[in-house]
2 protein chains.
Amino acid sequence: MTVARPTGDELVEMLAALANPIRLRIIATLAGGRDYVSHLAREIGISRPLLHMHLQRLEAAGLVLGSLELSEDGKAMKYFEVTDFDLHLTASELARAASTLTSPDPRKGPPRKEQT
Amino acid sequence: MTVARPTGDELVEMLAALANPIRLRIIATLAGGRDYVSHLAREIGISRPLLHMHLQRLEAAGLVLGSLELSEDGKAMKYFEVTDFDLHLTASELARAASTLTSPDPRKGPPRKEQT
DNA sequence: GTCATGTGTAAGAAAAAGCTGACATATGAA
DNA sequence: TTCATATGTCAGCTTTTTCTTACACATGAC
């Protein structure tokens, strides 16, 4: 698998990327075979710039992979495909990932003051 | 397991709930044993209202469960614990989930017009 | 050249999420 | 009563995310 035990930060990025209906549809569509941006946009029914943004998000998380290719008639086509990620989410697995989080651990910052 | 094959909507909600460092820490902490709100807030190092919001989000997604109990000295304590969720995320599993999404399928709305 | 296709990107509006501070209620103990 | 604990919730600010519109460039076909 591409990433079986991501760090806490990687995991958050992957989960955030997947937690969106449109991006879920993109993954679902690409799971049926690779496709290029403009066609995929028509397929899913969203604007190309919007799809572009979502693909960026998915690629940054390592869930899809894009490759620029030249078609026979010389046009630049960017094909995307899903990577073979495999995430197993349980409480203990999340606890393991959380231990590697680099995000600001509030206990190390200035003390919280709660109204008494 | 609590929810092994959630619908697309449920999955999006669960993923969104998990895609946050603080909520990941909450899950991790609760994975070590149940705890009540005020103590958990001190443990993690965030304000109680903020924790309250995050717990709401997690509980709505079915990832934690809260139960109001009375301590020996009569105080109302809300204890939270993690549910035994088990999510398996692969492209094909996501494709299955995506097929049950109820969110606006753009292809059924008014046609997109892209600059030609 | 013009048209249709493909690509990328930037600006700004609109919507959602995140967070704080303050308020409210309740209990037992001193 | 006053203090310290517990709970819940609301208003409003800040930040992030989402989305559209508009621009840019390139290619082959006509």
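Here is how names work: the chains are called A, B, and so on, in the same order as the sequence lines, proteins then strands, and each is numbered from 1.
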Indicate, with a heavy-atom threshold strictly under 4.0 Å, whether H54(B) touches base, sugar-phosphate, or nothing. sugar-phosphate

Looking at N20(A), does any N or O in its side chain come under 4.0 Å of the phosphate oxygens OP1/OP2 on dT18(D)? yes

Among dA6(D), dG28(C), dT18(D), which nucleotide has an atom closest to any side-chain atom of S38(B)? dA6(D)

If you define the side chain from C-beta out and look only at heavy atoms, does anything of Q56(A) sit under 4.5 Å from H52(A)? yes

Look at the side-chain N and O atoms of Y36(A) and state whether any lies under 4.0 Å from the OP1 or OP2 oxygen of dT7(C). no

What is the distance from NE2 of H39(B) to C1' of dA6(D), rounded to the nearest Å? 13 Å

Options dT9(C), dA22(C), dT7(D), nucleotide nearest the side-chain atoms of P49(B): dA22(C)

Test item: L18(A) and L11(B) side chains (from C-beta on) under 4.5 Å apart, heavy atoms: no

Between A16(A) and A76(B), the residue closer to the 5' end of DNA chain D by nearest nucleotide is A76(B)

Can you measure R42(B) atom CZ to dA4(D) atom C1' for me and round it to whole angstrom units? 11 Å

Side-chain donor or acceptor of R48(A) under 3.5 Å from a matching atom on the base of dG6(C)? no

Separation of atom CD1 in I22(A) from atom C1' in dT18(D), rounded to whole Å: 8 Å

For E43(B) and dA6(D), what is the distance between atoms CD and P respectively, to the nearest whole Å? 13 Å

F80(B) side chain reached by L51(B) side chain, heavy atoms, under 4.5 Å: no

Could you state the CD-P distance from Q56(B) to dC19(C), rounded to the nearest angstrom? 15 Å

Go through the side-chain N and O atoms of T7(A) and D9(A) and say whether any donor and acceptor fall under 3.5 Å apart. no

Is the phosphate of dG8(D) approached by K78(B) (side-chain N or O, under 4.0 Å from OP1 or OP2)? yes

Nearest whole angstrom, please: distance from the P of dT9(C) to the CG of L51(A). 14 Å

Just how far, in rounded Å, is C1' of dA13(C) from CE of M53(A)? 14 Å

Spacing of K75(A) atom NZ relative to dT27(D) atom P, expressed in whole Å: 11 Å

Given 3.5 Å as the limit, does a donor-acceptor pair link the side chain of R23(B) with the main chain of A17(B), or not? yes

